[in-house]
Every structure is written in structure tokens, then in C-alpha cells.
Amino acid sequence: MLNVKNGTGGTTLNMPPEEITVYRICNAVKPQFCKNIFHVHTKASKLCPVGRNIRAVLQHSYSKFESALEDSLKTVTLADMILDYHMQLEKEK
């Protein structure tokens with residue numbers, strides 16, 4: 001997504017902002033970030049009926065949440081955010 005050269009001002013976009021989604025940015029910074037948002041404690045006591053079952057119970061719902069988040073982040077581009085920024089500047093005038 002970026003070209004980086006040594007020195008000041010050496011960073012430029014390597015692709016059009018319309019092709020850079022928020023999902024793509026987040027995934028570049030932290031791969032598989034959506035998979036790590038929802039976390040269930042992994043060292044629950046086997047004696048605890050809630051602890052030993054909570055992962056299985058929540059996993060299906062968490063997968064839906066992750067997919068919905070990914071789909072949503074893929075609909076917003078850097079170009080959208082730049083436009084929002086300029087619109088906000090116009091409001092300030």
C-alpha cells in the first residue's frame with residue numbers, strides 16, 4: 001500500500017485511496033486482527049460448567065461478529081475517510 005524511502009517525506013501511497021479499505025489497513029498493521037478482537041479465556045477450570053463450555057457456546061456467535069466486522073470494514077476506503085476529513089474542514093469554515 002505504501003512506498004517508503006529514507007528521509008523526510010519519503011512515504012507515498014502505492015495505490016489509489018479508493019482501493020485501500022479500512023480492513024486492508026487494519027490487516028496490514030495487525031494480521032488477522034478481526035480474529036483476535038473477541039477472546040474467550042482459555043484456561044478455565046474443567047470443574048466449572050460455565051468455564052469449560054463458554055468457548056464452544058460463544059464461538060459460533062463470535063464468528064458471526066468477526067465476519068460482520070470484516071464485511072463492514074471492507075466497505076470504507078481511505079478515499080471515503082479523506083472525503084469525510086475535507087467535509088469536516090468545510091463545516092469549520
Could you give the distance from CE (M1) to OG1 (T11), rounded to the nearest 0.5 Å? 12.5 Å

So which residues get pulled into V57's cluster when ILVMFWY side chains under 4.5 Å apart are joined, directly or through others? none

At what distance, to the nearest 0.5 angstrom, does CE of M81 lie from CG of L83? 11.5 Å

So if you build clusters from Ile, Leu, Val, Met, Phe, Trp, Tyr with side-chain heavy-atom gaps below 4.5 Å, do L78 and V4 land together? yes

Tell me which pairs pass salt bridge (Lys or Arg N to Asp or Glu O under 4.0 Å) where either residue lies in residues 16-31, with sequence neighbours left out. none

Distance-minimising heavy-atom pair for A44 and G51: CB-O, 3.4 Å

Side chain to side chain donor-acceptor pair (under 3.5 Å) with T77: which residues, sequence neighbours excluded? D80

Which residue pairs pass the salt bridge (Lys or Arg N to Asp or Glu O under 4.0 Å) test with at least one member in residues 81-93, sequence neighbours excluded? E90-K93

Residues at least two apart in sequence or cross-chain that pass side-chain contact (heavy atoms from CB on, under 4.5 Å) with N27, listed by chain then number, are Y23, F33

Taking salt bridge (Lys or Arg N to Asp or Glu O under 4.0 Å) as the cut-off, I'd like each qualifying pair that reaches into residues 38-54, sequence neighbours left out, listed once. none

Considering only heavy atoms from C-beta outward, does the side chain of L13 approach that of L2 to under 4.5 Å? yes

Would you say V22 ends up clustered with I82 if hydrophobic residues are merged whenever their side chains have heavy atoms under 4.5 Å apart, either directly or through other cluster members? no

Only pairs under 3.5 Å count here: list side-chain donor-acceptor contacts from residues 60-73, not counting sequence neighbours, and write none if there are none.
{"unit_1": "S63", "atom_1": "OG", "unit_2": "Q59", "atom_2": "O", "d": "3.1"}
{"unit_1": "S67", "atom_1": "OG", "unit_2": "S63", "atom_2": "O", "d": "3.2"}

Who pairs with T12 by side-chain contact (heavy atoms from CB on, under 4.5 Å), at least two apart in sequence or on another chain? N3

Using the rule given for side-chain contact (heavy atoms from CB on, under 4.5 Å), can you reason through I20 versus I25, listing the C-alpha separation, both sets of side-chain angles and the distance that settles it, and then say yes or no? CA-CA 7 Å; I20 302 172; I25 294 167; 3.6 Å; yes

